[in-house]
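The structure under discussion appears below in the form of structure tokens.
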Amino acid sequence: MIKTRRVILLVMMLFIAHITIIAQNNKYAIIPEPKSLKASKGTFEFNNQTQIYFANGIKEQMIGAFEVFQERMLNIAGIQLKTTDTQPQSNAIVCRINKNLKNTEGYRLNITPSKIEIEVIDTCGLFYATQTIRQLLPVAFESKNKITDIKLNVPCCKIEDSPMFGYRGMHLDVCRHFVPLQEIKDYIDQMALLKLNTFHWHLTDDQGWRIEIQQYPRLTRIGGFRERTLRGHLFSAPRKWNNTYTGGFYTQEEVKEVIAYANKRAITVIPEIELPGHALAALTAYPEYSCTGGPFEVQGTWGVFNDVYCTKEETFKFIENILGEIADLFPSKFIHIGGDECPKVRWKHCAACQQRMKKENLKDEYELQSYFIQRVQRFLATKNKRIIGWDEILEGGLTPDATVMSWRGTEGGLAAAKHGNDVIMTPYTYLYLDYYQSSSPSDPLAIGGFLPISKVYSFNPFLEELTEDERKHILGVQANTWIEYLPSRKQREFMIFPRLAALAELAWIQPESKNFNRFRNTLLTLMERYDYAGLNYSNALYSLQDEILSDGQGRVKLELTCEAPQTTIYFTTDGSNPTISSKVYKSAIPLQEKETIIKAITVKDGKIMYTPYKQIFIENKAAAKPYVLYNSKNESIQHHQAKNLFNRKLGMDKLMERNDWFSYHENYFTLEIDLERMSSISEISILSIDQEHRSIYSPEMVEYQASIDGKNFQMIGTLNHDQIVAAEGKATLKFDPIDVLKVRLKVKKIANIPADKVIAGSFYPRLYIEEIIIK
Ligand code: TNX
């Protein structure tokens with residue numbers, strides 16, 4: 001009896017502790033999480049009498065750090081925060097220099113009912129203190145319009161804070177679609193809230209040149225606009241176009257405006273001028289700097305294009321003139337010069353480039369690329385600038401002073417750090433905000449990939465392979481927003497927010513201090529701020545992710561998970577739409593063997609929080625059965641996508657974006673499925689796809705075998721490539737029912753891309769399989 005009471009008490013205490021943690025989190029909902037925060041009782045209230053006092057030592061130019069906060073106070077709440085020359089006793093913000101603080105971006109904040117005391121060593125720290133106060137204020141402080149009837153209280157606490165990385169970036173592509181100036185400024189303000197300090201502005205690409213260059217007006221007049229834009233995904237066939245003339249660019253005056261706006265928010269703007277590739281907008285305007293002389297068009301489609309800058313002398317003059325203007329315009333010490341995705345075919349067939357290679361003693365076109373980058377680096381050094389380049393600048397020899405932006409995973413960053421170069425980590429495996437964030441097929445079209453916010457948050461930039469010394473070369477991290485598929489502001493906001501908050505936290509705090517459960521709670525408050533700011537952020541935190549598990553007894557069950565806290569999942573198995581009267585999801589749902597449809601919703605406070613989950617699970621005797629996979633050498637192998645072959649789920653579309661497929665790139669594989677008991681079967685299907693434009697082809701041949709004793713197999717049939725293509729990728733072999741124990745499939749990839757295809761010779765054929773179905 002006593003024992004049960006104790007248990008009940010303990011459970012109650014845990015419950016209460018849980019509640020208070022959540023409540024506290026919401027009161028001090030700061031992202032990124034401060035290094036240390038000690039909560040205390042009471043609040044400080046802002047009103048019309050609140051004054052700001054800058055103690056001795058705070059230099060004139062530092063005072064500007066408060067302006068943005070003062071403006072917001074005035075515009076949103078009508079409160080004029082005046083500065084005073086004599087130290088007030090109460091109702092004041094008192095700012096002081098503390099020489100003991102080491103990090104120029106760090107700050108100390110002491111909030112009591114009578115005063116807010118701030119200690120810093122420099123302007124950035126002062127600015128960040130105001131941004132922390134901004135997040136301690138009621139969420140309505142983010143409102144776009146004036147607010148009334150809200151007490152502008154901040155809860156008392158002591159905060160000591162400073163960032164882990166000195167480079168905390170957000171990248172934005174403004175070439176694939178033109179992004180208006182106001183939108184840029186609004187993102188910069190949102191970056192400031194999250195204490196990000198670098199805006200990487202991707203200003204030139206094949207689809208548009210977006211910055212005025214006074215010496216070359218055609219760059220924007222011609223290169224800034226295009227005739228047509230691809231509709232739908234690059235991988236969908238046939239192609240469809242939007243034929244509206246479209247484009248835009250920023251004048252140098254506007255660029256200065258953005259730089260000043262960012263500077264006021266402790267943000268550096270780094271421009272990116274792409275070279276030697278991704279240059280078609282420039283070459284359309286000035287074809288004489290290409291290898292062939294053109295003509296070209298500003299591209300309305302995406303990808304990598306063969307026409308790049310020629311390496312003749314005139315081109316370098318042209319590029320130096322452009323970079324000269326850029327260097328004068330941007331105060332940042334870094335200029336990003338691109339360097340990625342530069343095909344070498346034009347250089348191979350260009351007399352000027354071949355002559356250049358001879359003259360400079362370069363052994364191949366990769367070294368020519370390296371020569372290109374090094375020349376640009378040397379030129380910018382004369383302007384007192386350092387270069388950043390994408391990780392392809394490692395090819396053909398790395399320029400000593402270059403900083404490498406590692407985007408193709410983390411390998412490039414690792415190699416550069418080991419080489420002694422500085423690195424910024426922006427791997428597409430974690431930090432590409434153009435990738436999908438939910439697995440719901442009703443999300444707007446995106447380029448592909450799958451990076452839910454938890455995955456972004458989980459990125460650890462300190463790779464295990466790095467020594468203590470090499471770690472110092474990791475300057476920081478950045479999230480990239482490429483906008484091929486984000487033509488509208490609404491879509492861009494949907495992809496950027498709230499995932500940018502995950503980036504901000506992993507950039508600011510040590511990996512061991514990260515905690516996704518805490519983060520997601522705090523995030524709910526940030527999302528409330530976004531509501532006030534009118535941002536079209538994504539609610540994908542509330543979407544459902546599924547996993548198909550084996551129940552160990554030859555059947556499969558469906559696990560549903562939701563990353564958001566405080567939610568309930570309701571589901572149905574009969575095709576009806578779930579409501580709050582449907583079954584509550586508690587653990588994985590056992591699936592019946594016959595075709596089953598599962599629908600589910602996430603509910604919070606009686607509200608459905610995301611597009612309902614809906615999935616049909618087809619009948620498949622192979623599901624959850626043991627299997628062995630053999631490669632071309634008949635060695636048994638593990639393949640992380642193999643489970644997708646029998647998950648009873650068919651792909652959502654033919655873009656294969658969310659990893660529901662099995663991809664295989666060797667010559668053939670053999671798969672043995674153990675049905676575990678004698679089973680009557682009469683049909684085996686293998687579902688593949690054909691997409692010539694992506695060099696994806698159905699198998700050359702599939703051999704079907706079966707075994708009664710589990711040891712000796714007999715051939716039951718074969719299907720060849722033409723038969724499979726004719727069946728639209730569903731290679732079904734039907735036969736009179738037989739009792740078997742095991743099934744074996746030998747699947748052969750086509751050897752070469754047929755010679756009559758455009759891409760023959762330059763790509764290798766790929767094989768993608770969606771499902772293997774046994775009936
Ligand atoms: C690769 S990241 C690119 C961009 C694309 C992006 C799409 C990089 C250096 N190059 O040109 O927009 O993928 O995710």
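Note that ligands are numbered from 1 as they come in the structure, with each ligand's atoms numbered from 1 the same way. Note that the structure is a prediction, hence the values are computed from the model and not measured. Positions are given from 1, in the same order as the sequence printed here.
Contacts of Asn480 with ligand 1, taken as heavy-atom pairs under 4.0 Å, are absent altogether. Counting heavy atoms under 4.0 Å from ligand 1, residue Tyr432 touches it through the side chain alone.
Of the options Trp302, Trp407, Tyr428, the smallest heavy-atom separation from atom 13 (O) of ligand 1 is shown by Trp407. Of the candidates Trp482, Tyr435, Tyr485, Trp482 brings a heavy atom nearest to atom 6 (C) of ligand 1.
Ring geometry, Trp390 versus His336: the interplanar angle falls from 30° to 60°, so the pair is classed tilted. Taking the six-membered ring for Trp and thresholds of 30 and 60 degrees, Tyr435 and Tyr428 have ring planes inclined between 30 and 60 degrees apart. Tyr371 and Phe316 have perpendicular rings, their planes meeting at more than 60° on a 0 to 90° scale where under 30° would count as parallel. Aromatic ring pairs are classed by plane angle as parallel below 30°, tilted from 30° to 60° and perpendicular above 60°; the pair Trp347 and Phe372 is parallel. Using cut-offs of 30° and 60° for the angle between ring planes, the Trp201 and Tyr250 rings count as tilted.
The N/O atoms of Asp173, backbone and side chain alike, include none that comes under 3.5 Å of an N/O atom in ligand 1. Checking only distances, Asp205 never comes within under 3.5 Å of ligand 1, N or O to N or O. In terms of polar-atom proximity, defined here as any N/O pair under 3.5 Å, Asp340 does make such a contact with ligand 1. Polar contact with ligand 1: absent for Trp390 (N/O pair, distance under 3.5 Å).
For the pair Lys514 and Tyr457, the cation sits on the ring face: its NZ or CZ lies under 6.0 Å from the ring centre, inside 45° of the axis. Cation-pi geometry between Arg471 and Phe462 is met: the NZ or CZ atom falls under 6.0 Å from the ring centre, inside 45° of the normal. Within the cation-pi definition used here (under 6.0 Å to the ring centroid, within 45° of the axis), Arg265 qualifies as a partner of Tyr261.
Each of the following atoms of ligand 1 lies closer than 4.0 Å to a heavy atom of Glu341: 1 (C), 3 (C), 10 (N), 11 (O). Counting the atoms of ligand 1 from 1 in the order shown, those under 4.0 Å from a heavy atom of Ile447 are 7 (C), 14 (O). Ligand 1 places these atoms under 4.0 Å from at least one heavy atom of Glu484: 5 (C), 7 (C), 12 (O). Applying the 4.0 Å criterion to heavy atoms of Asp434 picks out, from ligand 1, the atoms 7 (C), 14 (O). Shown in contact with Arg176 at under 4.0 Å from a heavy atom are these atoms of ligand 1, numbered in order with element: 5 (C), 11 (O), 12 (O). Residue His278 approaches ligand 1 through these ligand atoms, each under 4.0 Å from one of its heavy atoms: 11 (O).
Residues Asp422 and Tyr167 bring no donor and acceptor atom of their side chains to less than 3.5 Å of each other.
In this structure, Met405 falls outside the shell of residues with a heavy atom less than 4.0 angstrom from ligand 1.
The ring pair (Phe, Tyr, Trp, His ring centres under 6.0 Å) with His177 is formed by just one residue from the set Tyr485, Trp302, Trp482; it is Trp302.
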